Amino acid sequence: FFTTIVQHRALVEGINMARALDETCPHCESQAPQALCYLQSYWTGTAVRSNYGQGRSGLDVASILGSIHTFDPEGECDDTTFQPCSARALANHKAVTDSFRSIYKINGGIKQGQAVAVGRYPEDVYFNGNPWYLATYAAAEQLYDAMYQWNKIGKIMVTDVSMPFFKDIYSEVQKGTHESSSPEFGNIIAAVKAYAEGYIEVAVS
């Protein structure tokens, strides 16, 4: 997943750079849509399956890294490119981080909807598969990126796909579009910010 999503972004950037130089990049233009199309195959309906085989579930912090690595500050909450604020990226954030709740002793006693220490992937055995600071910080960074996008766009959309993520951290959330002028927008932002800062606190503690 990570390789495909950064390849797509690189091809799009190649198109933009060529145009800025008054040139063309035919291979960029022909292959970018193909990479984007293939990128959709990693989505299972509830999470990103980052990799195949090797007896792994496919839940992997690489999917969160992919979203933040290709974060577009000028973009919308686009599902097809797994932007940080997209329903898919948020649902995946929950699936990936939840997968570490029960396997690390350090996460013992932490309630659902509160930040936990995050590793690379649940089946990791490298150095006994311990949590990683970078993985935990990545979980926070996606949420900060999402807040930036929501504030810039001026609304938050809660869908069936993203509802489980939001429900974990703000139980009163309602499905629908919440404009920046509404109290609900501020409530959601506050909940997501507290959640993001929880990951920072876990990493530095």
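Only a predicted model underlies this, so the values are computations on that prediction, with no experimental measurement involved. Reckoned from all heavy atoms, side chains included, excluding hydrogens, waters and symmetry mates.
The CG atom of Asn92 sits 7.0 Å away from the CD atom of Gln142 when rounded to the nearest 0.5 Å. Between the NZ atom in Lys155 and the NZ atom in Lys152 there is a gap of 14.0 Å [rounded to 0.5 Å]. The distance from atom CD of Glu141 to atom CG of Leu143, rounded to the nearest 0.5 Å, is 10.0 Å.
Exactly one residue among Thr46, Ile169, Asp168 makes a side chain to side chain contact (heavy atoms under 4.5 Å, CB included) with Lys94. That residue is Asp168.
Looking only at atom types and distance, the side chain of Tyr144 has no donor-acceptor partner in the side chain of Gln149 under 3.5 Å away. Side-chain contact check for Thr24 and Glu29: no donor-acceptor pair (N or O, by modelled atom type) lies under 3.5 Å.
Residues Arg19 and Ile15 form a side-chain contact, since some pair of their non-hydrogen atoms from C-beta on lies under 4.5 Å apart. At a threshold of 4.5 Å between non-hydrogen side-chain atoms, the residues Arg120 and Asp124 count as touching. By the 4.5 Å heavy-atom criterion applied to side chains, Gln34 and Leu11 are not counted as neighbours. Val48 places none of its side-chain heavy atoms less than 4.5 Å from the side chain of Thr44.
Of the possible polar contacts, one joining the Gln40 side chain to the Thr80 backbone as a donor-acceptor pair under 3.5 Å is found. Listed for the Asn130 side chain is a donor-acceptor partner under 3.5 Å among the backbone atoms of Phe127. Although no hydrogens or angles enter the test, the distance criterion places a donor-acceptor pair under 3.5 Å between the side chain of Gln83 and the main chain of Thr70. Of the possible polar contacts, one joining the Thr97 side chain to the His93 backbone as a donor-acceptor pair under 3.5 Å is found. At least one donor-acceptor pair closer than 3.5 Å links the side chain of Thr136 to the backbone N or O of Val118. Looking at Ser67, its side chain does come within 3.5 Å of a backbone N or O of Phe82 through a donor-acceptor pair. The backbone N or O of Ser102 sits nowhere less than 3.5 Å from a side-chain atom of Asn107 that would complete a donor-acceptor pair. Judged by distance alone, the side chain of Asn151 and the main-chain N or O of Met147 form a donor-acceptor pair under 3.5 Å. Listed for the Asp60 side chain is no donor-acceptor partner under 3.5 Å among the backbone atoms of Ser63. For the pair Asp79 (side chain) and Ala87 (backbone), a donor-acceptor distance under 3.5 Å is present.
Both Ile64 and Val6 are assigned to one and the same hydrophobic cluster, defined by single-linkage of ILVMFWY side chains at heavy-atom distances under 4.5 Å. At a threshold of 4.5 Å between side-chain heavy atoms, the hydrophobic network of Ile, Leu, Val, Met, Phe, Trp and Tyr places Ile200 and Tyr133 in one connected group. A continuous path of Ile, Leu, Val, Met, Phe, Trp and Tyr side chains, each step under 4.5 Å between heavy atoms, connects Val61 with Val204, placing both in one hydrophobic cluster.
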> Please walk me through it: do Asn187 and Val173 pass side-chain contact (heavy atoms from CB on, under 4.5 Å)?
Replying inline: CA-CA 9 Å; Asn187 292 338; Val173 70; over 6 Å; no

> After noting the C-alpha distance and the side-chain angles of Tyr104 and Phe100, does the key distance pass the ring-ring contact (aromatic ring centres under 6.0 Å, His included) rule?
Replying inline: CA-CA 6 Å; Tyr104 296 148; Phe100 298 104; 5.5 Å; yes

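For an aromatic pair to be called close, the ring centres must be under 6.0 Å apart, and Tyr195 with Tyr199 satisfies this.
By the 30° and 60° cut-offs, the orientation of the rings of Phe166 relative to Trp150 is tilted. Between Tyr38 and Tyr42, the ring planes lie perpendicular to each other; the angle is over 60°, past the 30° to 60° tilted range.
Cation-pi geometry between Arg56 and Tyr121 is met: under 6.0 angstrom from the ring centre, within 45 degrees of the axis.
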